[in-house]
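Whatever order the structure lists them in is the order used to number ligands and atoms, beginning at 1.
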Amino acid sequence: MDGGGSSAESLATASRELLSRVQSRSARVGIVGQGYVGLPLALVFCEAGFPVIGFDVDPAKVESLRRGESFIRHISPERVARAAAGGKYEATTDFDRLADCDAVIICVPTPLGAHREPDNSYIHRTAEAIAKRLRRGQLVVLESTTYPGTTDEEVLPILRKSGLDTPADFLLAFSPEREDPGNDRFSTRTIPKIVGGVNPPSAEAAAALYGAALEKVVLVSSARVAESSKLLENIFRSVNIALVNELKMTFERMGIDVWEVIEAAKTKPFGFMPFYPGPGLGGHCIPLDPFYLAWKAAEFGTWTRFIELAGEVNTQMPRYVVQRLAQALNEESKAVRGARILVLGLAYKANIDDDRESPSYEIIELLQHAGAEVDYCDPFFPVARKGRKHDLAMASVPCSPEIFARYDAVLVATAHDAFRERELYRDVKLVVDTRNVVAPPAPRGGKGPRRLVKA
Ligand SMILES: NC(=O)c1ccc[n+]([C@@H]2O[C@H](COP(=O)([O-])OP(=O)(O)OC[C@H]3O[C@@H](n4cnc5c(N)ncnc54)[C@H](O)[C@@H]3O)[C@@H](O)[C@H]2O)c1
């Protein structure tokens, strides 16, 4: 490490050089992890004029990106092909290329372990890979969702193994990703970007980089605040979803339709924000991230009871849905064992091809364990993917009224637009709808299922 005077000088030089390269759009941006977060971010930097290298450990993904293909439905292959053909974007598994980058942004997974403990091993491995090639003047930004303190207490010590330090030699910040796949109103470029550095020069450099490619940067005082803000956003959603899920079960006992209650409540023009019940949480964020904070809180001798309670309510929803289905079948004098059941939707949310943590998997497995013959229909998943936790080895059945009519019950788990067509249910005996997408049968025997149960 440099002494005081020369350190200040080298910092000034390194920061100046980086800022000037950012301003001229010649700074090379490396993005580690080319998934749902890293790939759109890479494209946004390319489209803003920066040369970008996308790093990933998955050679198949890298090969397909090199061919200009997209594995994410809402990112068009033309966009990837345009970036690759323009010479601004290249995908690679060669981590030595990290040394070529002026800025390195980390977008790797942050899953939970078997006991709901945070698994930061992907972040650690990436930080080790960067530390081996770290050079003066580089900016490193962590984007993966994690508990407060990860950037300062885990990434920084790993980067220091290089013999370099911040801010004299390199810069380090945290900036949470707020990707919302399938959202037509907001995109990576237009969603405001929170940035917090481990020191002020790092914050400034990261803010300058994002400010050159995205519409709005929100600078906060530290990496810890930036890490915590992401968790607040996701905990807010998890707790409110748990609240409506609990109210759904309560109102159901009272014979009141929670969906109608929400529609009525949301006419209040202030102080209310609607959240909707469902068959359980899904996606890479809401079911996982809150537990990152719950785990870290224990280190400070404190409890996060709302997080635990919301987790408890939300994780029991797939079982609740299966129980409601069993009850509805029972009322038709039919057992779950031997019943033919069609589950609509593997995606965790409407009109996207992301099935991570989707409650549909648990619902299908619970029904299979109870002896039902289960199929699924999802136009976004012609074949069910093998995941870390599930391997259904199933293929989607076609989405048609003739196919739907073959089942004893149809269970709607995802609100894909394709499932809203009333005609689909014209000859279905029983529909259990967890998403309020199926119109009730018209009076006097019009089109629609014979019986509709909301669950
Ligand atoms: N998906 C979302 O909507 C979303 C939104 C906000 C934040 N996040 C957060 O962003 C982070 C990334 O999520 P994602 O959805 O992009 O995950 P993803 O699984 O889609 O992508 C991660 C990519 O990283 C690659 N990878 C794994 N280990 C690697 C390593 N050591 N080096 C390089 N690449 C590696 C994987 O092959 C994969 O392509 C997570 O922390 C997540 O919580 C995700």
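Protein residues having at least one heavy atom under 4.0 Å from any atom of ligand 1 are Val32, Gly33, Gln34, Gly35, Tyr36, Val37, Asp56, Val57, Asp58, Lys61, Phe95, Cys107, Val108, Pro109, Thr110, Tyr122, Thr126, Ser144, Thr145, Glu177, Glu179, Pro181, Lys230, His284, Cys285, Arg356, listed by chain and number.
In summary, Glu90 and Arg66 do not engage in a salt bridge, as defined by a charged side-chain N under 4.0 Å from a carboxylate O. Under 4.0 Å is where a charged nitrogen must lie from a carboxylate oxygen, and between Glu365 and Lys389 no such pair does.
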Test ring-ring contact (aromatic ring centres under 6.0 Å, His included) applied to Phe404 and Phe419, step by step
CA-CA 11 Å; Phe404 283 19; Phe419 300 148; 7.0 Å; no
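A 4.5 Å side-chain heavy-atom check between Thr414 and Leu344 finds every atom pair outside the cut-off. Ser396 is listed as a side-chain neighbour of Tyr376, based on a closest heavy-atom distance under 4.5 Å.
In summary, the side chains of Tyr147 and Glu154 do present a donor paired with an acceptor at a separation below 3.5 Å, with no hydrogens or angles considered.
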